[in-house]
Amino acid sequence: MTTKANSHYVEDVYEVVRSIPKGRISTYGAIADFLALGSARMVGWALRQSSVMDGPIPAHRVVNRLGHLSGRLHFPDPKYMQRALEKEGVKVKNDTVVDFDKHFWHPAENIL
DNA sequence: CCTATGACGCCGG
DNA sequence: GCCGGCGCCATAG
């Protein structure tokens, strides 16, 4: 493994993202804060790598703090993310999640 | 080795 | 309330 580095946290990110219940969404900041990464950028970076993976990573459930589909362009299709969310009951308008606060899910809830 | 950039977010003016 | 800058860690050039 040439890429040992600290890519370990990526594993945790995937775990958290996979823990997001269907119909719910989370944010980069919440995940970063929960994992104490210190930077929401790391979450985005990790998820970008996940796009390459064929694993069941529901990355479409992760949006920025504004509820905006900032990563929609990284999916196979620009509308893939919106479609996936609407398919799960999450309304999306103008590349933005409707009732963002309502569907928001915090990793800590998994413990609760 | 150093600089620039990124699926972000907070703080200050 | 809007605009600009800084931090944060990793990768690419």
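All values below were derived from every heavy atom in this structure, side-chain atoms included, with hydrogens, water molecules and symmetry-related copies excluded. Each chain gets a letter, A, B and so on, in the order the sequences are listed, and its residues count up from 1.
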Whole angstrom value for the distance that separates C1' of dA4(B) from CH2 of Trp45(A): 17 Å
Rounded interatomic separation in angstrom, taking CG from Leu85(A) and C1' from dA7(B): 13 Å
Expressed as a whole number of angstroms, how long is the span from Tyr80(A):OH to dA7(B):C1'? 15 Å
CG of Leu35(A) versus P of dA10(C): gap in Å, rounded? 14 Å
Tyr14(A) and its side chain to side chain contact (heavy atoms under 4.5 Å, CB included) partner, picked from Val10(A), Val16(A), Val17(A): Val10(A)
For His103(A), which of Val98(A), Val63(A), Ile25(A) qualifies under side chain to side chain contact (heavy atoms under 4.5 Å, CB included)? Ile25(A)
When the distance from OH of Tyr9(A) to P of dC9(C) is rounded to whole Å, what number comes out? 10 Å
Rounded to whole angstroms, how far apart are CD1 on Ile31(A) and C1' on dA7(B)? 11 Å
With sequence neighbours left out, write down each residue that passes side chain to side chain contact (heavy atoms under 4.5 Å, CB included) with Lys79(A), or none if nothing qualifies. Gln82(A), Arg83(A), Asp95(A)
Ile20(A) atom CD1 is separated from dA7(B) atom C1', nearest whole Å, by 13 Å
What are the atom names and distances for every N/O pair under 3.5 Å that joins the protein to nucleotides 9-11 of chain B?
from, atom 1, to, atom 2, distance (Å)
dG9(B), OP1, Gly29(A), N, 3.4
dG9(B), OP1, Arg65(A), N, 3.0
dG9(B), OP2, Arg65(A), N, 2.9

Atom CE of Met42(A) to atom P of dT11(C): distance rounded to whole Å? 7 Å
Do Glu109(A) and Arg24(A) sit within salt-bridge range, that is, some charged N less than 4.0 Å from a carboxylate O? no
Of all heavy-atom pairs between Ala30(A) and His106(A), which one has the smallest distance, and what is that distance? CB-CD2, 4.0 Å
Ser39(A) to Ala32(A) - nearest heavy-atom pair and separation: O-CB, 3.5 Å
